[in-house]
Amino acid sequence: MSRLVSSWPKDVASPAYPNKRQCLSGSRSTSPDDTIRDQGGSSLRHDLYMAPTMGGQATATSEIEEVGDEMQQEAIRLAKIGENLFLTGKAGTGKSWATKRIVEDFCDRNNLIYATAPTGIAAINVDGTTIHSWGKFNLGQYYEDFMSMMSRETRHKIRTMDALLIDEISMLDGHLLDVLECMVTIIRCYDEVIQRVRKIQDESRSGNTLVSDLMLEMRWNSLSENGLGDVKAWGGLQIVVVGDFFQLPPVPAGQDTLLGISNVTELDLKVGRQGCYAFESRAWMNSNFQTVELTEVHRQAADDGLFEFLNDMREGCINDLTLKHQAVIQSIQCPLPKRDDGIIPTELHSKNAIVNLKNKEELDRIRHQSYHFPSLDEVVLDFHHCITPFLDKHNLKLDDLVSDHVRMLELLEVRNYTSVSCMAYDAVMSSDAIPKYVKNILQNDMEELKQHCNDNYFANECRVADQIELKKHAQVMLLWNLDLNRKLANGSRGIVKAFFPTEGYLYLLKEHMKCEDKKSADHGYETDDMLNERESNSDDHATKEHHRGKHQTYSNNTQPNRNPATYDFSSVDQQIFVEIQEEIKRLSYDGLKKEIQEMEKIISSKFTSLPYVEFCSGTSLLIRPQSFSKTFRKCGVATRWQIPLTLAWAITIHKSQGMTIDLLYVDLSHCFAQGQAYVACSRGRSLDSMQVVKFKPTEVKTSKKVSEFYDLLGKGKPYTRTWADTIEEFDRGIREQLHKKLDMESTYRNYSCDLCGRPCVVRQIQSNRNNNRGKWFLSCAGGNGRSRGHTWKLLPSSPPSEEPTKDMLCQIPKPGVTGLKEGAFKCKRFVLTGVFPSLGGGEGLTLGKDKLKELITSFGGAVTSSISGMTNFVVVGNDPGAKKLAEAEKRRSAYNRFAIPDKHAYYG
Ligand SMILES: Nc1ncnc2c1ncn2[C@@H]1O[C@H](COP(=O)(O)OP(=O)(O)OP(=O)(O)O)[C@@H](O)[C@H]1O
C-alpha cells in the first residue's frame with residue numbers, strides 16, 4: 001500500500017483556470033421569475049433560500065477549474081492506469097471534485113465505471129446511484145438470502161463493468177463491503193465457484209448459521225484451500241473508494257431482537273450488530289489500495305485560520321486550546337449580520353427534534369393555509385416465525401383461516417388498508433380452531449412488539465414524523481430516494497408549490513389507465529379490465545381467487561367505488577394540472593397499475609390532498625405517502641405510511657455531509673456521533689460566513705480507531721483489526737447483558753407490587769428519552785405500571801450483594817407535602833417533560849418525575865405520557881423534550897384534532 005502526500009503548499013491559492021465545463025451536480029440560478037410574489041413579506045426570502053444548497057451542493061460554478069491540483073491529478077492518473085485507489089483527505093480538499101473527473105475520464109475512454117455511495121444524497125453528489133440499488137440487492141440488516149442478490153441483470157453488469165467507485169466510504173459498513181466483495185468475486189468467477197456455493201447453501205439450510213456468513217468464511221478459507229486462492233479480490237474488478245473516515249461513521253445496526261417474543265432464541269441475537277468501518281473489512285486488506293491524500297484546501301480558501309482549526313478538530317486536537325484556536329472560536333461565535341437580500345443562513349443541528357422546532361418556527365411565519373398529514377402506523381407480527389409453529393402443531397392451514405376471514409370482511413364491506421399479515425393475525429385470533437393458550441401467547445407477542453415499536457421505532461427512530469404540517473411555499477426536503485436520475489433522493493431540497501386533491505390524482509391515473517387499456521385492446525391484447533370481466537362472469541370463485549392472488553383481491557375488492565365519471569378540477573391551477581398529467585404519462589403500464597393500487601390504499605385512510613413540490617433539480621412532482629418500515633428479525637415489521645417530506649429551513653448534520661454551504665449557522669448542542677461536530681463546521685467556507693453556537697471543545701468526538709488507522713497509513717502499515725473482532729466484542733456485550741438480566745431477575749424475584757401485591761418483573765428501558773436507555777427498572781407484572789400507581793422503580797445498575805429490601809430501592813415521598821387541597825387537580829390531565837432535579841431527578845433520571853407524578857395523582861390529577869387535546873397542563877423541567885414542547889406549542893395554536901388509529905393499526 002503506498003501513500004502519496006501533496007507537495008502543494010497550503011497557503012498558495014490554486015491558479016484560476018477558466019470555467020469550460022459546468023459543474024456536474026449543477027446549480028440552477030434563481031431567475032427573477034422564480035421569485036414568489038403573492039405571499040407578502042417573507043416570500044422573497046423563502047424562495048431565495050433555496051439557492052445556496054441546490055442539489056446538496058452550494059458550489060459556485062464560476063470557481064470550478066478544468067484542471068485539479070497536483071494530488072487530484074495524481075488520483076485521476078492512478079485511476080486511469082487501473083490501480084485500486086483510496087482517495088482521502090480533509091473535508092473540502094476536493095475529493096468529490098476529483099471523483100467526478102475520474103468518472104468523466106472513464107466515460108471519455110468508453111470504460112464502464114459505476115459511481116455509487118451509501119446514501120442517496122451522496123450518490124447524487126457524484127451523479128451516481130446508491131450502493132444498494134447498484135447491487136440490486138435487498139440486504140436489510142442481516143444478509144440472509146445471499147443467492148437472491150445475483151439476478152441475471154446484476155451478474156451481467158458486474159461481469160462487464162471496468163470499475164466500481166464508492167464515495168463517502170466512511171459511511172459504508174465494513175461487513176457490507178466484505179459481502180459486496182464476495183458477491184462481485186463470485187459473479188466474476190461464477191463458473192469456478194457456483195457449485196461450491198450451492199453446496200454451502202444446502203449445508204446452511206440444515207444448520208443455523210447465516211448463508212452469507214458461511215459464504216464469507218468460505219471466500220477467505222475453504223475456497224483458497226480448494227485451489228481458488230488465486231482468485232483476486234473483487235474478482236479483478238478495479239475499485240476506487242473515496243472519503244474521509246474522520247467524518248460520519250456507518251450507522252450501527254442495533255440489537256433489535258432483545259424482545260421477549262416467543263420462539264426467539266439467543267442465537268437470533270447474534271445477527272444484531274454494530275456498524276464497523278470499511279477499513280476493518282477483509283476486502284479492504286486484500287484490495288491493495290494506492291492511497292492518495294488530498295491536502296490542499298478548496299472550500300475554505302480564505303486565509304483566516306479556519307482550515308487549520310478544522311484540521312485540529314478533525315483529529316481531536318482541540319482539548320488544549322491555543323491562542324489561534326481561541327481566536328477562531330471567538331470569531332465563529334459572533335452572530336451573522338442580517339442581509340439586505342433576505343437570504344437567511346442554512347441551519348445545522350445535531351438532532352431531528354431541534355431541527356423540527358426551528359422549522360416549525362419558520363413555517364408559522366408563512367401566512368398560507370396549513371395542511372396536516374397524520375401518518376398511518378402499523379405493526380405486524382412475523383407470521384412465519386410466531387404463528388406457523390402453532391398452526392403446524394394443530395394441523396391447521398393459515399390459508400383456510402385467512403380466506404374465511406377475508407370473505408367475512410368483504411361481506412361487511414370493511415374498508416381498511418392493512419396487510420395480509422394483519423388479516424392473518426385477526427383470523428387466527430378470531431378462529432375457534434386455535435386454542436386459547438396459543439392466542440394468549442400471540443397476543444403477548446403482539447403487545448410486546450407494539451410496545452417496542454411505539455417506544456422506539458415510531459417515537460424516535462423512524463425518520464419521518466407522525467404528524468406533518470405543510471403550507472404553500474414551505475421549504476422541504478425529500479426523505480425518500482424517488483428517482484436518482486432526476487436527482488430526487490433522500491436529502492433533495494424543494495419548495496411546496498401547491499396541494500392537489502388525492503381523489504383527483506387517482507381519477508387522472510384511472511383515466512390514463514383507461515386510455516392505455518384501450519390502446520392495448522386496439523392492438524388485440526387482453527387488458528386487466530377485460531380479465532376482471534371474464535372472471536366475474538365465471539361461477540368458479542375459488543378459481544378466481546387463486547388466479548388473482550389473495551392480497552390483490554383483498555385490497556381491490558374492499559374499496560368503495562372510486563370511479564367517478566368526472567372530477568371537478570376547477571380549483572386546481574391549470575399549469576400544475578398539466579404538469580401532473582405529463583408526469584402520469586411518464587409511468588410505465590406496471591408503474592401506473594402499482595400507483596393506482598397504492599393510491600387506493602392511501603385514499604382509504606387520511607391523505608385527502610398531496611403536496612406538489614418543485615425541487616432544486618428543476619423537477620416538480622406530486623408527493624404521495626411511502627412506507628417507512630423496520631423489520632425486527634423473527635418478530636415482525638413496523639411500518640409508517642407518511643408523505644416522505646420534512647421541513648428544511650434547518651437540517652440535521654447527518655444530512656449535510658458532502659455539502660458546501662455559503663451561509664451557515666451551526667448549533668453543536670447534543671452532538672452524539674464521532675466526527676459530527678467536524679462535519680458540521682467544515683461545511684462553511686469562511687469565518688465571516690458562518691456562526692457556530694454551543695461549541696464545547698470537549699464535545700468534539702473523534703474515533704480512536706480512525707486515528708489509529710490514519711497513523712498506520714502514514715507509516716505505510718496495514719490496519720489488521722477486522723469487523724469480526726468488532727462483532728465478537730458486540731456478541732460478548734450482548735451475552736454479558738443477558739447474564740446481567742438473569743442476575744437481576746434472580747435478585748429481585750421476591751419483590752411484589754406495592755399496590756396490587758402481584759409479582760414484579762425486572763426490565764430494561766428501551767427508549768433513549770432522557771438518556772435512560774439500558775437502565776434497569778422493577779415494575780408490576782400485572783398493572784399498567786406507573787400511570788396507575790403500580791410499582792415502577794429504577795434499580796441500581798448492578799444487583800446489590802445481599803438480598804434487597806424495600807429501603808434499598810428508590811423511595812418516593814408520601815403525598816401531602818404541599819399546601820394544596822385534596823382533589824385540587826381533579827379531572828385535570830398533566831404531561832411532564834424534562835428532568836426535575838429539585839425532586840431528586842438528575843442526569844436524565846426519571847426519579848424526580850416519578851415523585852411529581854405521585855404528587856399530582858395524590859391530588860386527583862392524571863398524568864399522561866403524550867400531549868393530546870385533553871391535556872390541561874404541560875409541566876416543563878430541565879432539558880425538556882423538544883418534540884413535546886413543539887406539540888404543546890402546536891396545541892396552543894388551537895390545533896385540537898385526534899388522529900384516530902385504524903382498527904388494524906395496532907398503534908397507541
Ligand atoms: N481543483 C479545484 N478547483 C477549484 N475548486 C475546487 C477544486 N476542487 C474542489 N473545489 C471546490 O471546493 C469545494 C469542496 O470540494 P469537494 O466538495 O469536492 O470537497 P470534499 O473533499 O469532497 O469535501 P467533503 O469531504 O466535505 O465532502 C467545492 O465547492 C468544489 O467545487
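- No donor-acceptor contact under 3.5 angstrom links the side chains of Tyr678 and Thr702, judged on distance only.
- In this structure, the side chains of Val700 and Phe695 come closer than 4.5 Å at one or more pairs of heavy atoms.
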Next on the checklist: side chain to side chain contact (heavy atoms under 4.5 Å, CB included) for Phe289 and Leu85? Distances and angles first, verdict last.
Outcome noted: CA-CA 5 Å; Phe289 286 121; Leu85 177 67; 5.6 Å; no
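- Side-chain contact between Asp173 and Cys276: present, with at least one pair of heavy atoms (C-beta onward) separated by less than 4.5 Å.
- No hydrogens or angles considered: a donor-acceptor pair under 3.5 Å links the side chains of Asp244 and Gln247.
- Shown are Val126, Thr99, Leu177; of these, the side chain to side chain contact (heavy atoms under 4.5 Å, CB included) with Ile166 is made only by Leu177.
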Checklist entry - Step by step, would you call Leu164 with Gln238 a side chain to side chain contact (heavy atoms under 4.5 Å, CB included)? => result CA-CA 6 Å; Leu164 173 68; Gln238 185 186 356; over 6 Å; no
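- Annotation: side chain of Leu713 is in contact with side chain of Thr291 (closest heavy-atom distance under 4.5 Å).
- Donor-acceptor pairing under 3.5 Å is recorded for the side chains of Ser689 and Ser686.
- Of the possible donor and acceptor atoms, one in the side chain of Ser350 sits under 3.5 Å from a partner among the backbone N and O of Ser669.
- Side-chain N or O atoms of Ser287 include one that pairs as donor or acceptor with a backbone N or O of Ala283 at under 3.5 Å.
- Counted within 6.0 Å of CG on Leu323, heavy atoms from surrounding residues, nucleotides or ligands total 12 or fewer; the atom is thus considered open.
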Item to check | Glu362 vs Lys358, salt bridge (Lys or Arg N to Asp or Glu O under 4.0 Å): CA-CA, chis, key distance, verdict | outcome: CA-CA 7 Å; Glu362 289 295 331; Lys358 167 71 196 167; 3.2 Å; yes
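- Closest of all the heavy-atom pairs between His349 and Ile354 is ND1-CG2, 3.5 Å.
- You'll find the side chain of Val355 stays beyond 4.5 Å of the side chain of Ile651, heavy atoms only.
- Cation-pi geometry between Arg314 and Phe309 is not satisfied (NZ or CZ under 6.0 Å from the ring centre, within 45° of the ring normal).
- Looking at every heavy atom in both residues, Leu664 comes nearest to Ala680 through CD2-O, 3.8 Å.
- Among the candidates Leu87, Val292, Thr93, the single residue satisfying the side chain to side chain contact (heavy atoms under 4.5 Å, CB included) test with Met71 is Val292.
- For the residue pair Leu336 and Met690, the shortest heavy atom distance occurs at CD2-N, 3.7 Å.
- Rounded to the nearest 0.5 angstrom, His654 NE2 and Met171 CE are separated by 8.0 Å.
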Checklist entry - Is there a salt bridge (Lys or Arg N to Asp or Glu O under 4.0 Å) between Asp364 and Lys360 once you walk through the steps? => result CA-CA 6 Å; Asp364 288 345; Lys360 179 74 174 77; 2.7 Å; yes
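- More than 12 heavy-atom neighbours from other residues, nucleotides or ligands sit within 6.0 angstrom of CD on Gln326.
- Within the 4.5 Å cutoff, no side-chain heavy atoms of Thr116 are placed close to those of Asp167.
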Checklist entry - Run the ring-ring contact (aromatic ring centres under 6.0 Å, His included) check on Phe279 and Phe86 step by step: do they pass? => result CA-CA 10 Å; Phe279 60 74; Phe86 168 40; 8.8 Å; no
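- The two residues Val692 and Leu668 come nearest to each other via the heavy atoms CG1-CD1, 3.7 Å.
- Of the possible donor and acceptor atoms, none in the side chain of Lys324 sits under 3.5 Å from a partner among the backbone N and O of Gly305.
- Interatomic distance, Leu363 CG to Glu361 CD, rounded to the nearest 0.5 Å: 11.0 Å.
- Across Ser707 and Phe246, no two heavy atoms sit closer than the pair OG-CE2, 3.8 Å.
- Annotation: side chain of Asn481 is in contact with side chain of Thr130 (closest heavy-atom distance under 4.5 Å).
- The backbone N or O of Gly68 sits less than 3.5 Å from a side-chain atom of Gln73, completing a donor-acceptor pair.
- At distances below 3.5 Å, not a single donor-acceptor pair connects side-chain atoms of Glu315 with backbone N or O atoms of Asp312.
- With a 6.0 Å radius and a threshold of 12 heavy atoms from other residues, nucleotides or ligands, Lys701 has its NZ atom above the threshold.
- For the pair Ser703 and Gln674, the tightest heavy-atom approach, listed with the atom from each and the gap, is CB-OE1, 3.4 Å.
- A donor-acceptor contact shorter than 3.5 Å links the side chain of Asn359 to the backbone of Trp649.
- In this structure, NZ in Lys90 is found 12.5 Å from NE2 in His298, a value given to the nearest 0.5 Å.
- For the pair Met313 and Cys681, the minimum side-chain heavy-atom distance is below 4.5 Å.
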Item to check | Intermediate values then yes/no, side chain to side chain contact (heavy atoms under 4.5 Å, CB included), Arg683 and Leu348 | outcome: CA-CA 10 Å; Arg683 299 308 98 199; Leu348 301 185; 3.9 Å; yes
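- Using a 30° and 60° split on the angle between ring planes, Phe709 and Trp284 fall in the perpendicular class, above 60°.
- Interatomic distance, Ser281 OG to Asn286 CG, rounded to the nearest 0.5 Å: 9.0 Å.
- Listed for the Thr652 side chain is no donor-acceptor partner under 3.5 Å among the backbone atoms of Lys351.
- Counting only distance, with no hydrogens or angles, the side chain of Lys705 and the backbone of Tyr277 share no donor-acceptor pair below 3.5 Å.
- Side-chain atoms of Gln290 never come within 3.5 Å of backbone atoms of Asn84 as a donor-acceptor pair (strictly under, hydrogens ignored).
- Remark: the backbone N or O of Arg101 is not paired with any side-chain donor or acceptor of Asp105 at under 3.5 angstrom.
- At least one side-chain heavy atom of Ile332 sits under 4.5 Å from a side-chain heavy atom of Leu687.
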